[in-house]
Amino acid sequence: MIELIFPDGSRRAFDQGASGRDVAASIAKSLEKRALLVRLDGQLLDLDRPLPGGGTFEILTRESPHALEVIRHDASHVLAQAVQELFPGTQVTIGPAIEDGFYYDFARDEPFSLDDLGAIEARMAEIVDRDEKIVREVWDRNEAIAHFKGIGEAYKAEIISDLPEDEVITVYRQGNWKDLCLGPHLPSTRHVGKAFKLTKLAGAYWRGDHRNAQLQRIYGTAWASEADLEAYLKRVEEAERRDHRRIGRAMDLFHLQEEARGMIFWHPKGWTLYRTVEAYMRRRVESDGYVEVKAPQIMDRGLWEKSGHWEKFGQNMFTCETTEGEELAVKPMNCPGHVQIFNYGQKSYRDLPLRMAEFGACHRYEPSGALHGIMRLRAFTQDDAHIFCREDQIEAETTKFVKLLNSVYSDFGLDLHSVKLALRPDVRAGSDEVWDIAEAKLDRAARQAVNMEVEPLPGEGAFYGPKLEFHLRDAIGRTWQCGTLQLDFVLPERLDAEYVAEDGSKQRPVMLHRAICGSMERFLGVTIENYAGAFPLWLAPTQAVVASITSDADDYAREVAAALKAAGLRVELDLRNEKINYKVREHSLAKTPVIAAVGRREAETRALAIRRLGSEGQTVLPLDEAVAALVAEAVPPDLARGALRG
RNA sequence: GCCGGCUUAGCUCAGCUGGUAGAGCAGCGGUUUUGUAAACCGAAGGUCACGGGUUCGAUUCCUGUAGCCGGCACCA
């Protein structure tokens with residue numbers, strides 16, 4: 001007998017060998033009909049698989065989030081079956097469920113075309129309608145290898161060969177189509193449903209390695225219901241509407257052009273936004289005990305060799321040779337420069353922790369395929385800082401940093417979504433003992449600093465040390481990695497950074513590399529998309545437009561604009577010979593937060609009729625009151641907090 | 001860098017199977033003085049990304065290159 005503990009806490013015993021279906025049927029016929037899978041001690045199992053033992057037990061129906069993952073996984077199998085039916089000779093590889101959907105990687109000499117997707121979708125629907133039973137089979141390892149080799153599935157055979165000897169080889173069969181798979185799966189293809197859609201074609205390397213063959217990946221999205229699918233497609237549309245490239249063009253913020261790939265031409269409005277964010281960041285780090293510096297843009301190759309960057313990233317640096325034979329490199333990062341400043345003169349333990357910040361303009365020769373709007377560039381500016389400190393100060397500095405980072409994000413309407421710890425990569429500097437210490441320190445510090453789990457990322461650290469990644473979430477739920485904190489025992493060693501300790505001995509400081517925005521450009525891209533261009537008043541490049549209704553009011557309009565400008569607001573004056581409807585529409589589309597229309601009435605009463613972006617009515621206020629209200633609202637959030645405290 | 005797609009006026013986009021291009025908006029010139037999301041009229045604007053080929057003739061077909069887009073790889 002096995003004992004199952006149900007979600008309501010009740011316990012019941014079942015015969016050895018009972019399946020999830022048996023259990024569901026014993027509760028209610030209707031439940032058996034709706035059941036797709038079961039969860040035993042947290043592990044998902046096929047409905048018809050005999051339960052291997054007792055434990056906490058749950059029957060999953062279509063509505064369960066865990067079931068959705070399996071629906072997506074099964075959709076990928078249905079996709080693979082459809083492709084193999086339509087395009088014989090195509091090899092299958094792997095096809096997992098992913099966020100919002102699934103993909104499957106195929107090996108086929110001829111490329112799929114976008115036109116094929118419709119036919120494949122239709123065939124998928126047909127397979128769903130066939131309602132093929134999905135059956136789990138345990139195979140002998142060698143037989144499985146021979147079978148997949150025999151039918152020309154070299155990739156599948158390779159996967160099995162690479163599995164550990166004692167691994168149970170399971171093959172799932174749906175109709176006469178079979179796939180090597182760990183499972184679990186739905187009882188039959190009908191349960192995949194029709195709320196799926198193939199979305200895009202892409203190339204992908206076998207096993208994620210660019211030295212391997214390139215496969216063809218077909219992406220799809222799949223949901224428990226049509227309504228969920230619709231909602232998802234709406235969300236995608238919304239994201240497209242918010243695309244920073246589109247908004248950047250519409251609001252005349254910046255442009256990119258071929259002659260400077262991966263670099264931004266900031267237009268006046270975009271640069272105003274940039275400077276506003278930069279000024280804000282400058283205040284935040286200054287008040288958090290940082291000093292700001294500026295190091296040279298171009299430095300001798302020798303320094304980069306010494307730091308170790310030349311060896312690892314020399315291929316990705318912009319370099320030049322002078323007529324006098326010097327070899328120079330444009331800085332791809334700021335740390336070596338900061339160490340030079342640290343090294344100048346003598347530093348005492350009393351100087352630590354020394355927090356050295358720079359809005360550092362960096363250039364990196366990124367692979368052409370990596371470039372993406374203003375999110376991934378070849379010329380970008382880091383809100384960089386290096387904290388030189390003792391080992392025993394690492395945790396306190398990490399906590400301090402995380403507090404600052406959280407506060408900055410919330411000022412931009414963003415939430416910290418997750419924290420990840422990237423651990424030692426294969427190619428790295430420093431001994432394993434040093435890495436052990438570094439990883440442990442950062443892990444502990446991060447756990448203390450944030451009230452959330454810290455997800456380890458094996459092999460993803462920087463070559464000189466482990467890396468904390470701070471992922472944030474924007475207004476429509478997308479996540480971005482911006483903030484980072486990296487622990488570095490290596491660079492101080494390589495560049496001979498030292499301080500004089502209390503006992504007079506020379507000691508090595510530890511360096512913390514850290515950034516909140518990451519790249520200013522990327523953070524601005526995220527901010528643009530987060531607000532969809534409708535910035536809060538303190539960020540808006542143009543905060544208010546004074547629009548005249550008739551030319552009679554021109555003088556008063558000028559006076560109002562001058563008053564707002566004198567009060568420190570960014571104002572535009574629109575005296576064009578256009579209808580007020582036209583002006584309101586135009587400035588609304590330009591996302592100007594405040595439109596002050598002035599006509600004869602306002603001029604006579606010395607008032608201001610203010611229309612706020614996104615609302616239809618107007619508020620009429622005496623001019624000086626209106627100015628005062630707008631000025632108060634336009635104070636950046638950090639200064640507003642300061643004013644409250646003061 | 002790799003795989004696939006795209007590139008027509010400042011912007012958004014039409015242009016079937018080859019006969020040197022069209023709209024809306026913006027811009028420009030007028031008329032209109034207007035009350036909260038598009039007043040009216042007019043003229044103008046294009047080496048159809050760039051190079052080569054096929055053809056009597058190429059925006060259209062083939063090919064090469066570049067950029068961009070979607071992924072992959074990369075991301076100090």
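Since this is a predicted model, take the numbers as computed values, not measurements. Each chain gets a letter, A, B and so on, in the order its sequence line appears, and its residues count up from 1.
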Pairwise [atom1] distance for [N] and [M], with rounding to whole Å:
{"N": "B/C50", "M": "B/A21", "atom1": "P", "result": "15 Å"}
{"N": "B/G18", "M": "B/A58", "atom1": "C1'", "result": "6 Å"}
{"N": "B/U7", "M": "B/U60", "atom1": "P", "result": "12 Å"}
{"N": "B/A73", "M": "B/G27", "atom1": "C1'", "result": "44 Å"}
{"N": "B/G46", "M": "B/U12", "atom1": "C1'", "result": "16 Å"}
{"N": "B/U54", "M": "B/C11", "atom1": "C1'", "result": "36 Å"}
{"N": "B/A9", "M": "B/C48", "atom1": "C1'", "result": "10 Å"}
{"N": "B/G4", "M": "B/A37", "atom1": "C1'", "result": "41 Å"}

Give a yes or no on whether the ring-centroid distance for A/Tyr232 and A/Phe196 is below 6.0 angstrom.
-> no
For [N], which nucleotide in any strand shown is its Watson-Crick or wobble partner with both distances under 3.5 Å?
{"N": "B/A37", "answer": "none"}
{"N": "B/C61", "answer": "B/G53"}
{"N": "B/A66", "answer": "B/U7"}
{"N": "B/G18", "answer": "none"}
{"N": "B/C72", "answer": "B/G1"}
{"N": "B/G42", "answer": "B/C28"}

Between A/Ile549 and A/Leu215, the residue closer to the 5' end of RNA chain B by nearest nucleotide is A/Leu215
Rounded distance in Å - [atom1] ([X]) to [atom2] ([N]):
{"X": "A/Leu377", "N": "B/C75", "atom1": "CG", "atom2": "P", "value": "18 Å"}
{"X": "A/Trp206", "N": "B/C3", "atom1": "CH2", "atom2": "C1'", "value": "17 Å"}
{"X": "A/Glu521", "N": "B/C75", "atom1": "CD", "atom2": "C1'", "value": "15 Å"}
{"X": "A/Phe380", "N": "B/C75", "atom1": "CZ", "atom2": "C1'", "value": "9 Å"}
{"X": "A/Ile218", "N": "B/G5", "atom1": "CD1", "atom2": "C1'", "value": "15 Å"}
{"X": "A/Glu578", "N": "B/G29", "atom1": "CD", "atom2": "P", "value": "12 Å"}
{"X": "A/Leu303", "N": "B/A76", "atom1": "CG", "atom2": "P", "value": "19 Å"}
{"X": "A/Arg585", "N": "B/C25", "atom1": "CZ", "atom2": "P", "value": "11 Å"}

When you measure from the side chain of [X], which nucleotide among [options] comes out closest?
{"X": "A/Lys579", "options": "B/A39, B/G35, B/U36", "result": "B/A39"}
{"X": "A/Ala597", "options": "B/U36, B/U33, B/A76", "result": "B/U36"}
{"X": "A/Tyr464", "options": "B/A39, B/U36, B/A76", "result": "B/A76"}

I'd like to know if [X] pairs up with [Y] as an ion pair, taking the criterion as any Lys NZ or Arg NE/NH1/NH2 lying under 4.0 Å from an Asp or Glu carboxylate oxygen.
{"X": "A/Arg424", "Y": "A/Glu460", "value": "no"}
{"X": "A/Asp162", "Y": "A/Arg207", "value": "yes"}
{"X": "A/Glu358", "Y": "A/Lys331", "value": "yes"}
{"X": "A/Arg478", "Y": "A/Glu99", "value": "no"}
{"X": "A/Glu237", "Y": "A/Arg241", "value": "no"}

A/Asp488 and A/His513: side chain donor to acceptor below 3.5 Å | yes
Can you tell me if A/Asn316 and A/Glu366 form a side-chain donor-acceptor pair at under 3.5 Å?
-> no
side-chain N/O [X] vs [N] OP1/OP2, d < 4.0 Å:
{"X": "A/Arg249", "N": "B/U12", "value": "yes"}
{"X": "A/Arg364", "N": "B/C74", "value": "no"}
{"X": "A/Lys331", "N": "B/A76", "value": "no"}

Using a heavy-atom cut-off of 4.0 Å across all strands, would you classify [X] as base, sugar-phosphate, or nothing?
{"X": "A/Leu114", "answer": "nothing"}
{"X": "A/Pro332", "answer": "base"}
{"X": "A/Leu589", "answer": "base"}
{"X": "A/Glu311", "answer": "nothing"}
{"X": "A/Ala462", "answer": "sugar-phosphate"}
{"X": "A/Ala547", "answer": "nothing"}

Answer yes or no on whether A/Arg72 is positioned over the face of A/Phe102, meaning its NZ or CZ is under 6.0 Å from the six-membered ring centre and within 45° of the axis.
-> no
Contact state string [nucleotides 63-73 of chain B, B base, S sugar-phosphate only, - no protein heavy atom under 4.0 Å] = ---SSSSBBBB
May I ask you to decide if A/Gly95's main-chain N or O and A/Ser76's side chain share a donor-acceptor pair within less than 3.5 Å?
-> yes
